[in-house]
Amino acid sequence: MKFSLKLINNFINLNQIQFNEFEKNLTLSGLEIDNVEKIKIDQDTIIDLNITANRQEISSSFSLAREASTILNIPIQILPIKLNYSNSIEKNFHKLNKNNYTHIAYIRIVTLKKIVTKTTPDWLLNQLSIHNIKESETLYNIQKYIKMKWGQTFYITNKKEIDENKDITKYSNLAELFHTQKIQPIIKNTDNESTLLIFTTINKKNHNIVLSHESSEFYENVFIDSIKLINTFIGTTIGKYNEAYQKIVIKDNSIQIKKHNINKSLGYIKGNKLQFIKTHKINKILQQLQLTPNYLKKDKLFELIIPNYRIDDLTREIDIIEEIGRIYHFENFFNTIKANKLQGYKSKNFTKVQQIRNTLHKLGLHEVINCCISKNIEKNLHNPLIHNPITYEQKELRTNILENLIDNYKHNIKNLKNNIEIFEIGKVFEKNEKNNALYIERRHLGGLIHNNNYTKKSWSNQSGNITLFHLKNIIETFLETINSKAILKEILTINKKTDIHCAEHLFKENKTIEIHNPNNTQKIGIMGECNNKFINKSNNKSEKVYIFEIDLSQLIETTKLKSHLTYTSKKYSNYPSVTRDISIKLKKYVNIETVKKMIANDTDEFIESLEILNEYKNNDNTARYISLRITYRSQIKTLNTEDIKYIDTNLESKLQELQNA
């Protein structure tokens, strides 16, 4: 929609503002300018605005000036003239109590006698052409110009049309209040040849006037502007006008908005400190938006009254928040979310699983993820079946992880990838033995290693395959790294009774090692060489694949989180030490730890360290000799002759005590 900057300047003073700033502020407020055209003849600038569907009230120069006044915080220059309806006729159609009303519905009918049409001035036609309005008779041109300028205008009719009940409310929102039957008594003394101009409006109660730049507040301004133009450009006699009013009730469109929701939606404002937009600043912006704010400090919310020209687009709380951000300018708020460096609570299981995953990565294994729906190799009554499976190969929930890893191995071998070192952390399932309708879900850790170039005995030899002892070393390193107390048992012969959850049916006999929990001696996992019949390598006896599977929750039970230090720090002494090497004869079954505790007791403050150098036994193995090195040092002084004498005497008495033990 096109607007004349010259016409807008009649309402607000834009001379002190650069046009670039005016254009920028309109664009940032959601009124995008599509085109700007300068007319040298009229010394005017035409701006073409892209009006969105929710801002259809911006349809006149006055409405755009009102919007610019709000955005730029510039007052409107034209003051509304107060409507004086006291001399008009009161029509109480709704029979309201005289005090029970909020608004006045007012109608004014002006009579024009003996109209002589004159030529419409060029400046007025130019203004009409901006809006692509076709030229017609001068009176109708003035009518359209007033509508384009003020957003409201008058209706042109005559007594004959009124008597015929024609629709005369085209330019009025008072169709129900002042239809033709109610207008007839008002113009009863008017002749049929006269032209009638009908002006209507709705104004607030006299004592309840709060300026909100409603179009109705400028009713008298519109009337005076229209009469001046008619007087100037039309030859006619303007007779005395007839007027009437009636009292009506119109409820205010009110909205409540919480301060907390404004802060939550708009966020922090830019500055040295993180802070929300101040309450007094919000109140000032709401006043600038003509929303008549009332802040309730106790409830921390604003009560607002929405003007009639904004009732279509300001209907929700978020609409008001958007208006506040628009006026304050969105670029003044943080546009990025502040990173929260505080970490939430992490459970022991989560921390341990992450540590297990990272440790296996460092040991050279790659993580894979497989679907829990598969077809188990081992048929068992406890295999959980799926009703209406999609395919025959996906009819059960898996009971172990290793079968999926073996499928991964086959796929990699098929694609000529020979070195395969993978692991998976996933879920396995089984039916509950007590209730077949219930299922047990567990998390397992499974791994598979196949590497023909794993190790070399020397630089001159070829690379060799990984062996069971290499796998044992990998698992031991893994358990030690995650601080697990789990232990490995000797190679066992596979029993006929298998444990599905350890997938023992996949292992080669006499090539397995069990992993146990030392606290309850329960088996928590198994490792060993995979049976060749499951990897389709029966024709190649030298091909070796090693696998392992561990119950994850039971593995975590064997670990200990290092939440604190188990040792104390001590400052190094700056003074020299004294060393004594001694040999002690002990009986066959005397524990060396008992000897160390007896010598290095808490009362001897000078002993810094005690080391075992060697052990010797006699020929008949009835006694043994232990060589010890004891280091003495003081933290506060250099050891003198008396201190050394005390050390030697004390040490001699302890050795004598040990000899007699």
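Counting from 1, the numbers follow the sequence of the chain as shown. This one's a predicted model, so the numbers in the text were calculated from it and none came from an experiment.
Here the CG atom belonging to Leu286 is positioned 7.5 Å from the CD1 atom belonging to Ile282, to the nearest 0.5 angstrom. The CG atom of Asn283 lies 10.0 Å from the CD1 atom of Ile324; values are rounded to the nearest 0.5 Å. Between Glu67 atom CD and Ile51 atom CD1 the span is 9.0 Å, to the nearest 0.5 Å. A distance of 12.0 Å separates CD1 of Ile306 from CD of Gln290, quoted to the nearest 0.5 Å. Interatomic distance, Glu217 CD to Ile81 CD1, rounded to the nearest 0.5 Å: 13.0 Å. One distance of note links CG of Leu360 with CD1 of Ile425; it measures 6.5 Å at 0.5 Å rounding.
Panel note: side chain Glu367, backbone Arg357; no donor-acceptor pair is recorded below 3.5 Å. For Asn13 (side chain) and Asn9 (main-chain N/O), no donor-acceptor pair under 3.5 Å exists by modelled atom type. Of the possible donor and acceptor atoms, none in the side chain of Ser129 sits under 3.5 Å from a partner among the backbone N and O of Asn132. Remark: side-chain polar atoms of Thr315 are not paired, donor with acceptor, to backbone N or O of Ile311 under 3.5 angstrom. Between the side chain of Asn483 and the backbone N or O of Thr559, no donor-acceptor pair lies under 3.5 Å. With Glu424 contributing its side chain and Asn370 its backbone, the two residues share a donor-acceptor pair below 3.5 Å.
Residues that satisfy the side chain to side chain contact (heavy atoms under 4.5 Å, CB included) test with Ile250, not counting sequence neighbours, are Thr102, His103, Ile202, Ile248. Remark: Ser4 pairs with Lys6, Leu7, Asp44, Ile46, Gln127, Ile130 by the side chain to side chain contact (heavy atoms under 4.5 Å, CB included) rule, at least two apart or across chains. Among residues two or more places apart in sequence or in another chain, the ring pair (Phe, Tyr, Trp, His ring centres under 6.0 Å) test is passed with Tyr309 by none. Taking the ring pair (Phe, Tyr, Trp, His ring centres under 6.0 Å) definition, one finds that Phe11 meets it with Phe62, Trp150, sequence neighbours left out. Residues satisfying the salt bridge (Lys or Arg N to Asp or Glu O under 4.0 Å) test with Glu21, not counting sequence neighbours, are none. Every salt bridge (Lys or Arg N to Asp or Glu O under 4.0 Å) that Glu220 has, sequence neighbours left out, goes to Arg108. For Tyr295, the ring pair (Phe, Tyr, Trp, His ring centres under 6.0 Å) partners at least two apart in sequence or on another chain are Phe302. Evaluation of the ring pair (Phe, Tyr, Trp, His ring centres under 6.0 Å) rule for Phe233 yields no partner, not counting sequence neighbours. For Lys258, the side chain to side chain contact (heavy atoms under 4.5 Å, CB included) partners are Asn261, Leu301, Glu317, not counting sequence neighbours. Annotation: side chain to side chain contact (heavy atoms under 4.5 Å, CB included) contacts of Ser216 (sequence neighbours excluded): Thr201, Asn203, Glu214.
Using a 4.0 Å cut-off between a side-chain N of Lys or Arg and a carboxylate O of Asp or Glu, Lys270 and Glu331 do not qualify as a salt bridge. Under a 4.0 Å N-O distance rule, the pair Arg316/Asp319 qualifies as a salt bridge.
The distance between the ring centers of Phe333 and Tyr328 falls below 6.0 angstrom. Ring-centre distance between Phe429 and Tyr439: not below the 6.0 Å cut-off. Annotation: Tyr219 is in aromatic contact with Tyr106 [ring centroid separation under 6.0 Å].
Scanning all heavy atoms of the two residues, the minimum distance from Phe154 to Ile230 falls at CZ-CD1, 4.3 Å. Across Arg326 and Ser29, no two heavy atoms sit closer than the pair CD-O, 3.0 Å.
More than 12 heavy atoms of other shown residues, nucleotides or ligands fall within 6.0 angstrom of atom CZ in Arg55.
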Notebook entry, point to check: What do the steps show when you test Ser347 against Asn349 for side-chain hydrogen bond (donor to acceptor under 3.5 Å, both in side chains), and what is the final call?
Noted result: CA-CA 5 Å; Ser347 66; Asn349 280 1; 5.7 Å; no
Note to self: Would Glu323 and Ile318 count as a side-chain contact (heavy atoms from CB on, under 4.5 Å) here? Give the steps.
What the structure shows: CA-CA 9 Å; Glu323 287 294 297; Ile318 191 63; over 6 Å; no
Next item on the list: Show your working on side-chain contact (heavy atoms from CB on, under 4.5 Å) between Ser215 and Arg66 and close with a plain yes or no.
Entry: CA-CA 10 Å; Ser215 298; Arg66 179 176 57 198; 4.0 Å; yes
Item checked: Ile482 vs Ile356, side-chain contact (heavy atoms from CB on, under 4.5 Å): CA-CA, chis, key distance, verdict -> CA-CA 7 Å; Ile482 66 172; Ile356 289 169; 4.1 Å; yes
Next item on the list: Could you give me the CA-CA distance, side-chain angles and deciding distance for Thr195 and Thr236, then say whether side-chain contact (heavy atoms from CB on, under 4.5 Å) is met?
Entry: CA-CA 10 Å; Thr195 300; Thr236 183; over 6 Å; no
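Contact check for Lys144 versus Thr153: no side-chain heavy atoms found under the 4.5 Å cut-off. Side-chain contact between Leu304 and Gln256 is absent, with no heavy atoms from C-beta onward closer than 4.5 Å. Between Leu124 and Leu128 there is a side-chain heavy-atom pair separated by less than 4.5 Å. Side-chain contact between Ile257 and Ile321 is present, with at least one heavy-atom pair separated by less than 4.5 Å. Using a 4.5 Å heavy-atom cutoff, the side chains of Asp225 and Lys149 are in contact. Taking 4.5 Å as the limit, some side-chain heavy atom of Tyr145 sits within range of a side-chain heavy atom of Leu229. Taking the side chain as every heavy atom from C-beta outward, Ile33 and Asn50 never approach each other to under 4.5 Å. A 4.5 Å side-chain heavy-atom check between Asp312 and Glu57 finds every atom pair outside the cut-off.
Sorted by first and then second residue, the ring-ring contact (aromatic ring centres under 6.0 Å, His included) pairs with a member in residues 14-39 form an empty list; sequence neighbours excluded.
Between Phe223 and Tyr241, the ring-plane angle classifies as perpendicular under the 30° and 60° cut-offs.
Gln355 and Lys352 share a donor-acceptor pair across their side chains, judged by distance under 3.5 Å alone. Asp252 and Ser254 form no side-chain donor-acceptor contact under 3.5 Å, judged by distance and modelled atom types alone. Side-chain contact check for Lys259 and Asn263: at least one donor-acceptor pair (N or O, by modelled atom type) lies under 3.5 Å.
Each of Glu32, Glu37, Lys2 was evaluated against Asp48; a single residue qualifies, Lys2, per the side-chain contact (heavy atoms from CB on, under 4.5 Å) test. Considering Ile109, Val110, Asn242, Leu112 in turn, Ile109 is the only one that fulfils the side-chain contact (heavy atoms from CB on, under 4.5 Å) rule with Leu196.
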Can I get a per-line list of side-chain donor-acceptor pairs under 3.5 Å for residues 133-140, giving both atom names and the distance, sequence neighbours left out?
from: Ser136; atom 1: OG; to: Asn141; atom 2: OD1; distance (Å): 3.2
from: Thr138; atom 1: OG1; to: Lys118; atom 2: O; distance (Å): 2.3
from: Thr138; atom 1: OG1; to: Thr120; atom 2: OG1; distance (Å): 3.0

